[in-house]
Participant: 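I'd like to ask some things about the structure below.
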2 protein chains.
Amino acid sequence: MKRNYDENAKIIKALSDPSRLKIIDILSCGEKCACDILQYFDFTQPTLSHHMKVLMECGIVECRKEGLWSYYSLNSSNCNKLILFLMNLVTDTDECICKDKAKCECK
Amino acid sequence: MKRNYDENAKIIKALSDPSRLKIIDILSCGEKCACDILQYFDFTQPTLSHHMKVLMECGIVECRKEGLWSYYSLNSSNCNKLILFLMNLVTDTDECICKDKAKCECK
DNA sequence: ATTTTACATAGATAGTTATCTATATAAAGG
DNA sequence: CCTTTATATAGATAACTATCTATGTAAAAT
């Protein structure tokens, strides 16, 4: 981490948006497709697409394509100490943000 | 922390700039006045003043005035879990960035 | 084949921000 | 007093970004 200011600033910047923090929170329940994530927000589908791209470019989120659907999930395995901590911080609770608990893997 | 997306995004955003990460690194050696901090950068004095203001508004840094000088230091006591972690992450090394080790409190 | 559906991309725009120059402030020295 | 010095503030600007509408793409359904 030390002295690698530019690269780390880029990762931190990806997490410096309230909508993206909320996306991480949502994905902490497990994999979700884009249209499911979108229901938690007021913005449009292209805007979500933009946020997912930012999160993926930093390795925070990964995507699995299946037919028409794109399933997104937190990519802990690819995460460094910083990302892991921030993800845990945002999602550190027993209560899941997801309304449909049957569909998600809430603890 | 949970669900407080806006406030936390603001703190994370304050840390999402490479110059401000470097300032935190510099201050990890201990209190320094603005003109000393400025020597580590190529930008102008008003730009540093701007960055210090951003860091202070989030409680990451505090300022002590003495005569003409403004002495800045990391404000760990006022920090939440997030800020503390990020500060430790940036400064987690034995090697100090400061050239003049006689003047700073490097471990 | 045509339509529908899920998502991405292109391009525009308004708001934010990192930087600059110029100037203000205020303390210290001569 | 006047000058010097350290820092802050004001205002401008260029770059970046979060958002939108419009459109492209590609898989599935009819």
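In what follows, chains are A, B, ... by sequence order, proteins preceding strands, each numbered from 1.
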Participant: Taking only the side-chain heavy atoms of A:S19 (C-beta and beyond), determine which of C:dA18, D:dA27, D:dT19 contains the nearest atom.
Facilitator: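 Among C:dA18, D:dA27, D:dT19, the one nearest the side chain of A:S19 is D:dT19.
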Participant: Check the distance between D:dA6's P and B:K32's NZ and give it to me in whole angstrom.
Facilitator: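 Rounded to whole Å, this separation is 17 Å.
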Participant: Distance check needed: C:dT16 P versus B:D17 CG, whole Å only.
Facilitator: 18 Å
Participant: Nearest-nucleotide wise, let me know which of A:G67 and B:C63 is further upstream toward the 5' end of DNA chain D.
Facilitator: B:C63
Participant: Check every atom of C:dA8, D:dT7, D:dA6 against the side chain of A:K65 and return the nucleotide holding the closest atom.
Facilitator: C:dA8
Participant: Specify the residue among B:T44 and B:W69 whose closest nucleotide of DNA chain C lies further upstream toward the 5′ end.
Facilitator: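 The answer here is B:T44.
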Participant: Using atom types as modelled and distance alone, determine if a side-chain donor or acceptor of B:S49 lies under 3.5 Å from a backbone N or O of B:P46.
Facilitator: no
Participant: Would you indicate whether the side-chain heavy atoms of A:I23 and A:Y72 approach each other to under 4.5 Å?
Facilitator: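 A side-chain contact under 4.5 Å is absent here.
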Participant: Between the base of D:dA6 and the side chain of B:Q45, is there a donor and acceptor pair under 3.5 angstrom?
Facilitator: no
Participant: Within 45° of the six-membered ring axis of A:F41 and under 6.0 Å from that ring's centre, is NZ or CZ of A:K22 located there?
Facilitator: yes
Participant: Roughly how many Å is it from NE2 in B:H51 to P in D:dT9, rounded to a whole number?
Facilitator: 15 Å
Participant: Whole angstrom is fine here: how far is it from NZ in B:K53 over to C1' in D:dA8?
Facilitator: 8 Å
Participant: Any base atoms under 4.0 Å from A:F41, or only sugar-phosphate, or nothing? Heavy atoms, all strands.
Facilitator: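 Result for A:F41 = nothing.
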Participant: To the nearest Å, how far apart are A:L38 CG and D:dT19 C1'?
Facilitator: 13 Å
Participant: Measure CG/B:D36 against C1'/D:dT5 and give the value in whole Å, please.
Facilitator: 14 Å
Participant: Heavy atoms from C-beta onward define the side chain here; which of C:dC7, C:dT19, D:dT7 lies closest to that of B:C35?
Facilitator: D:dT7
Participant: Ignoring the backbone of B:Y72, work out which of D:dA8, D:dT17, C:dC7 is nearest its side chain.
Facilitator: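 Taking heavy atoms from C-beta onward, the closest nucleotide is D:dA8.
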Participant: What is the separation between atom CD1 on A:I37 and atom P on C:dA6, rounded to the nearest whole Å?
Facilitator: 14 Å
Participant: Quick one: A:L48 CG to C:dC7 P, roughly how many Å, whole number?
Facilitator: 9 Å
Participant: When we call it a touch if two heavy atoms are under 4.0 Å apart, what does A:T47 touch: a base, just sugar-phosphate, or nothing?
Facilitator: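 Answer is base: heavy atoms of A:T47 come under 4.0 Å of a base.
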Participant: Nearest to the side chain of B:L68, which nucleotide is it out of C:dA22, D:dC20, D:dT5?
Facilitator: D:dT5
Participant: Counting N and O atoms only, with roles assigned by atom type, does the side chain of B:R20 sit under 3.5 Å from a partner on the main chain of B:A14, one being a donor and the other an acceptor?
Facilitator: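 Indeed, once roles are kept as given, a pair shorter than 3.5 Å links the two residues.
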Participant: How about A:F43 and A:H51: are their ring centres within less than 6.0 Å of each other?
Facilitator: yes
Participant: Does C:dC20 have OP1 or OP2 sitting under 4.0 Å from an N or O in the side chain of B:H50?
Facilitator: no
